Amino acid sequence: MVLGFNVAGAVRTTAVRERPPVCGVGAQSSRFRGDTMVSVARTRAFLAVPPLRSTRLPKPTRQTWLHMQTSTMQKARYAEKAPRGVHKEAAVGAVKSEALQRKNIQRPVMVGVAADSGAGKSTFLRRVMRMFGSDIPKGHTPQGELITVICLDDWHNRDRQGRKEDNITALDENCQNFDLMAEQLEALKNGFDIMKPIYNHETGRIDPPELVSPNHIVVVEGLHPMYDERVRKLLDFSVYLDLDDEVKIAWKIQRDMAERGHTLEAILASIEARKPDFERFILPQRQYADAVIQVKPTELIPEDKERKILKVRLLQREGVQGFKTAYLFDEGSTIEWIPCGRRLTCSYPGIKFHYGPESFYGADFSTIEVDGEFAKLEELVYIESHLSNTGTKYYGELTQLMLAAQNTPGAYNGTALFQTIIALKIREIYEQLTGRKVDPVVRS
Amino acid sequence: MKAAFLIVPSNATHFSSVSVSKTRATFAVRRTFLRTRKTTRVAALRMANEKLNTQIQEAIKNAEDAAKKYGKASKEAKVAWDFVEELEAERSHQAANKQSEDPLEKYCNEVPEADECRVYED
């Protein structure tokens with residue numbers, strides 16, 4: 001194993017494998033852990049000339065630390081694929097990551113989440129992250145104890161200026177470096193560190209790459225997780241968030257018109273302009289998803305314009321390994337259920353459920369639909385007690401999780417319910433595939 | 001001594017006229033709303049990067065100009081509207097992140113029935 005680090009402490013930004021070994025070192029192990037300083041000092045003892053007392057090794061700064069950690073990296077095969085050489089610093093680990101041993105990772109479970117912007121992706125991801133630990137360190141790529149969330153926009157092969165010059169949108173397939181994405185995600189799944197490029201949404205530029213280590217659960221979210229076949233094969237579970245046009249407009253109005261200067265015409269024009277690329281590149285991924293959350297306008301209120309009440313459908317693919325589909329009363333049958341009545345009083349316009357099998361793009365799916373709003377605790381508990389196979393570990397967990405996220409958008413309708421169920425399912429799939437147990441987040 | 005104390009929390013976003021009685025030594029505690037859902041959300045959005053807001057304004061203007069110049073279905077217009085969408089998504093992400101850093105919000109998410117978390121709608 002070749003050591004590629006510079007004992008004098010000079011920092012190079014690119015770490016390449018072909019470097020001559022430091023003289024006299026021999027076959028020192030190149031796995032860096034917390035005792036890097038010790039191993040380096042030990043290395044110096046082997047030098048022919050004893051170290052001068054004045055030449056102390058500098059305390060590892062963050063850049064040096066990253067450099068030492070990344071010295072076992074090799075340049076990614078497709079790093080030159082992007083135009084204008086924006087990904088040339090991308091790297092892939094040459095040895096298995098030390099995170100595998102440190103965190104006792106058996107095999108990383110990869111989950112893909114596809115959605116257009118403004119479809120509720122970040123709300124959904126926050127629910128999933130909360131399921132696996134409440135303190136996720138902030139940063140461009142949140143890497144927590146159990147879960148890492150990677151944004152696929154990082155593999156844009158053109159920054160904003162480049163897209164302007166070449167006249168392509170971020171939705172376009174030619175705007176992603178799928179080769180590098182597939183190579184790095186496969187490396188990550190197989191237990192190697194990667195130096196992943198960063199796309200900065202605020203400046204619109206591509207920043208120098210960051211180190212991403214494998215984790216128990218790796219969520220890849222963005223516009224094209226299921227577009228490329230190589231990436232699709234790596235995903236153990238995939239989710240697609242789908243919105244109807246009217247709901248899309250209503251949510252965009254809520255999100256952007258609160259700020260001054262936005263007109264309805266601008267919002268409608270923006271959605272119209274986005275549609276052709278959306279239908280060409282994002283929508284086809286829906287057929288590959290294992291779970292689809294569809295948000296439609298309600299059918300309970302005729303002539304509803306506010307779009308506050310929504311009808312949400314959860315489509316679950318049958319036959320996915322580790323994925324036990326949630327159901328109502330009797331698995332495989334068709335049920336229409338209105339829980340409001342003598343035992344439960346609901347506010348207008350009430351709640352309506354549907355459950356049944358469905359054929360979606362020619363495959364077997366089970367669908368749960370809920371139309372209406374539930375704000376009261378009793379309604380949530382009542383509904384939870386009648387749903388089966390939700391993936392909860394104790395009675396009331398679903399209700400508690402939904403209450404904990406009360407202030408998020410959609411907290412009182414089917415979006416919260418189904419996003420929480422899918423988050424629970426991801427936990428269940430992880431446990432099924434790895435044989436490990438995840439402690440539920442219990443609130444006092 | 002006769003004095004009336006008025007306790008107003010420092011983060012109250014607005015307070016209406018308060019009656020101060022000078023004849024009784026009472027605590028005139030005004031149950032001003034500490035926060036409402038609506039004001040928190042709007043305040044968070046306002047606190048979001050001002051620079052980002054001006055960037056969005058410019059981007060919308062560019063997009064509308066491009067649509068006028070090249071046509072609504074042209075590539076230039078699509079790219080310009082894509083920039084607007086990207087910036088708006090970034091702004092809402094930042095606002096959402098900022099909102100979750102507030103310890104009061106976090107506490108109220110855990111214990112919504114606490115006194116500090118009472119919500120008053122006008």
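To find a chain, count down the sequence lines: A is the first, B the second, and so on, and within it residues start at 1. Computed from a predicted structure; not experimentally measured.
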Just wondering, more than 12 heavy atoms not from [X] lying within 6.0 Å of its [atom1]?
| X | atom1 | value |
| --- | --- | --- |
| A/Lys308 | NZ | no |
| A/Arg205 | CZ | no |
| B/Lys72 | NZ | no |

TODO: Apply the test side-chain contact (heavy atoms from CB on, under 4.5 Å) to residues A/Arg163 and B/Asp82: give CA-CA distance (whole Å), side-chain angles for both, the deciding distance (0.1 Å), then the verdict.
DONE: CA-CA 10 Å; A/Arg163 296 205 306 269; B/Asp82 183 42; 3.9 Å; yes
Working to the nearest 0.5 angstrom, can you tell me the gap between [X] [atom1] and [Y] [atom2]?
| X | Y | atom1 | atom2 | value |
| --- | --- | --- | --- | --- |
| B/Lys78 | A/Ser270 | NZ | OG | 13.5 Å |
| B/Trp81 | A/Thr169 | CH2 | OG1 | 15.0 Å |
| A/Ser117 | B/His93 | OG | NE2 | 8.0 Å |
| A/Thr203 | B/Gln55 | OG1 | CD | 9.0 Å |
| A/Asp153 | B/Glu86 | CG | CD | 7.5 Å |
| B/Ser92 | A/Lys252 | OG | NZ | 9.0 Å |

- [ ] Flag the pair A/Arg274 / B/Glu85 as yes when at least one side-chain heavy-atom distance between them is below 4.5 Å, and no otherwise.
- [x]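 Sidechains of B/Glu85 and A/Arg274: in contact.
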Chain B contact via [X] - which portion, at a heavy-atom distance below 4.5 Å:
| X | value |
| --- | --- |
| A/Lys275 | neither |
| A/Ile271 | neither |
| A/Asp172 | neither |
| A/Tyr199 | side chain |

Task: Residue selection (most heavy-atom pairs with chain B, distance under 4.5 Å) from A/Pro276, A/Ala170, A/Gly118 - done: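 If we count pairs closer than 4.5 Å to chain B, A/Ala170 comes out on top.
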Task: chain A contact via B/Glu88 - side chain, backbone, both or neither, heavy atoms under 4.5 Å - done: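 For B/Glu88, backbone and side chain are both near chain A.
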Open item on the list: Can you tell me which portion of B/Ala63 sits under 4.5 Å from chain A's heavy atoms? Options are side chain, backbone, both or neither.
Closed with: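 For B/Ala63, no heavy atom lies under 4.5 Å from chain A.
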TODO: Could you walk me through whether B/Val79 and A/Arg160 pass side-chain contact (heavy atoms from CB on, under 4.5 Å), step by step?
DONE: CA-CA 10 Å; B/Val79 171; A/Arg160 213 176 278 161; over 6 Å; no
Open item on the list: If the threshold is 4.0 Å, N to carboxylate O, is there a salt bridge linking B/Lys51 and A/Glu202?
Closed with: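 Answer for the salt bridge query: no.
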Task: Side-chain ion pair, B/Glu76 and A/Lys164, N-O less than 4.0 Å - done: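 Here B/Glu76 does not pair with A/Lys164 in a salt bridge, since their nearest N and O are not under 4.0 Å apart.
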